2 protein chains.
Amino acid sequence: MIIIKIGGGDRINLKGIIRDLAELTDPFIIIHGANAARDQLAEKIKYTPKIITSVSGYSSVLSDEKVIELQMMAYAGLQNKRIVELCHQCGINAVGLSGLDGQLIRGKRNQGIRINENGKTRIIRDLSGKPYELNVHLLDLLLGAGYVPVISVPIFDEDNAAINSENDEIVALLHRQYRAERIFHLIEAPGLLGDPGDEKSLISKLNVNQLDEVENEAGGRFKRKVRGIQKVFSYGKTAVFIGDGRSQNPIKNILNGQGTQIHAV
Amino acid sequence: MIIIKIGGGDRINLKGIIRDLAELTDPFIIIHGANAARDQLAEKIKYTPKIITSVSGYSSVLSDEKVIELQMMAYAGLQNKRIVELCHQCGINAVGLSGLDGQLIRGKRNQGIRINENGKTRIIRDLSGKPYELNVHLLDLLLGAGYVPVISVPIFDEDNAAINSENDEIVALLHRQYRAERIFHLIEAPGLLGDPGDEKSLISKLNVNQLDEVENEAGGRFKRKVRGIQKVFSYGKTAVFIGDGRSQNPIKNILNGQGTQIHAV
């Protein structure tokens with residue numbers, strides 16, 4: 001099993017990725033973002049998502065009701081169906097699923113995010129949470145019948161309300177279930193960079209224990225990505241590949257050794 | 001099997017419909033519209049869909065690339081996922097699917113629509129077509145495992161491009177496959193009306209042969225609906241119920257004999 005995580009930036013070459021994937025012989029699951037599509041839609045409808053920064057330094061979009069609607073439209077709607085369309089054009093028998101469909105992904109709603117506001121700490125509770133359970137029955141049903149799941153947020157909370165969650169957490173959950181031999185991240189950079197401002201500072205190979213070091217050097221910019229990758233390894237052995245989703249052949253390049261490879265210790 | 005077609009108007013009581021459906025014992029498939037959501041979104045992003053009227057008098061939205069994107073967002077995204085969310089809140093194990101997912105619905109792209117323009121006839125070819133084939137394998141897989149499919153446009157054309165199609169045509173296709181004993185239409189009216197301007201002119205019962213008469217009396221306003229219902233009957237015996245989707249208990253009211261019932265001859 002290979003888990004393919006496709007970033008949601010607008011310079012990601014979806015066609016190139018899907019065309020390459022059609023040549024894979026391993027079974028795979030796709031999980032994708034759509035932040036560029038969401039931001040473009042938000043701008044068009046003149047909605048400015050609120051960005052909050054927690055006291056521990058994580059920045060994220062405040063997931064209010066409007067953001068969930070934008071997610072349904074941009075992630076589960078436009079981007080998911082465009083990817084499914086491309087898949088079928090390339091012979092990949094894709095079925096698009098949000099975390100809501102068949103309760104594919106259940107999460108525990110966040111208790112709240114502590115933020116600093118005018119020097120004071122206060123707690124904001126939004127529609128976001130951490131995924132903790134998959135509908136394995138539905139995934140196995142589809143995988144067993146030869147379908148390729150193409151997954152996006154939103155997911156369900158404990159009360160069956162749609163909430164936002166991090167794709168890296170969903171990747172970890174999928175890996176916990178399917179023990180993927182390989183996990184591919186397609187991003188808008190050549191791979192993990194020693195200096196985020198310099199695309200030539202690519203780190204080709206490292207082991208999971210060296211991630212913290214890279215993170216410190218990058219001044220906290222990769223915090224969430226690093227935590228996500230560490231979590232993946234905590235669920236079982238795998239190899240994580242971070243490749244340039246903007247290139248002509250994003251998957252083939254990873255298979256040819258380009259980008260960053262992170263392996264177990 | 002019951003086929004439930006939910007109209008896409010903004011006065012449709014989705015919660016009431018889904019709550020009622022949770023009490024049904026028959027298996028069912030939901031197919032829904034989202035024209036109000038689409039129109040609201042189009043207005044917000046300041047896109048005015050072009051309306052064309054064919055020489056034979058049918059009016060429809062010209063399905064250009066932008067309309068397909070709006071459909072992915074409003075139909076397969078927002079409305080589909082809101083319905084799926086409501087279903088799970090009421091204990092219905094719903095899986096949302098567009099016609100693209102697993103190539104659920106394949107259509108034949110329309111050759112073009114003949115329109116009158118400044119006294120001349122010209123042909124406009126848009127991204128729309130007639131559904132002719134279902135992925136029965138995928139539907140049976142889900143139905144057999146206890147999932148309720150919640151279906152929306154777009155669908156695929158012969159070249160695997162996303163196209164628009166009429167929900168009534170999809171209902172007919174589903175009936176051809178599953179021979180539904182009953183088909184429920186939830187609309188923004190008490191049922192089929194003798195006089196479209198008078199909600200008290202409800203026609204309670206009629207047979208399929210009497211539809212043309214009603215249509216003539218209504219001055220062509222039900223043209224597409226009537227053709228759709230006639231097509232359904234041509235695929236096999238059934239009973240079609242048209243109920244008020246705006247009411248407190250849209251499905252229960254149908255079961256209690258409210259609305260319009262159309263039966264075979």
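Numbered from 1 within each chain, the chains take letters A, B, ... in sequence-line order. Bear in mind that the values here come from a model prediction, so they are computed numbers and not experimental data.
- The two residues B:L78 and A:M73 make their nearest non-hydrogen contact at CB-CG, 3.8 Å.
- Considering every non-hydrogen atom in both B:K81 and A:L100, the closest pair reads O-CD1, 3.7 Å.
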Legend entry - Stepwise side chain to side chain contact (heavy atoms under 4.5 Å, CB included) test for A:M72 and B:Q79: CA-CA 8 Å; A:M72 288 175 173; B:Q79 193 87 342; over 6 Å; no
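- Each of B:I92, B:V84, B:D159 has some count of heavy-atom pairs under 4.5 Å with chain A, and the biggest count is that of B:V84.
- For the pair A:E69 and B:R82, the minimum side-chain heavy-atom distance is below 4.5 Å.
- Of the atoms belonging to A:L97, it is side-chain heavy atoms, and not backbone ones, that fall under 4.5 Å from chain B.
- The part of B:F156 that comes within reach of chain A is its side chain, from C-beta onward, which places non-hydrogen atoms under 4.5 angstrom from that chain.
- For B:A162, the parts lying under 4.5 angstrom from a heavy atom of chain A are both the backbone and the side chain.
- When each of B:L138, B:L104, B:N80 is checked for heavy-atom pairs under 4.5 Å with chain A, B:L138 comes out on top.
- Residue-level contacts of residues 142-155 of chain A with chain B, in order of numbering, are A:L142, A:A145, A:Y147; threshold 4.5 Å between heavy atoms.
- For residues 26-48 of chain B, a heavy-atom distance under 4.5 Å to chain A picks out B:L41, B:K44, B:I45, given by residue number.
- With respect to chain A, the highest number of heavy-atom pairs below 4.5 Å among B:N93, B:L141, B:L70 belongs to B:L141.
- Across A:A74, A:S98, A:C87, the residue that shares the most heavy-atom pairs under 4.5 angstrom with chain B is A:S98.
- Other residues, nucleotides and ligands contribute over 12 non-hydrogen atoms within 6.0 Å of the CD atom of A:E158.
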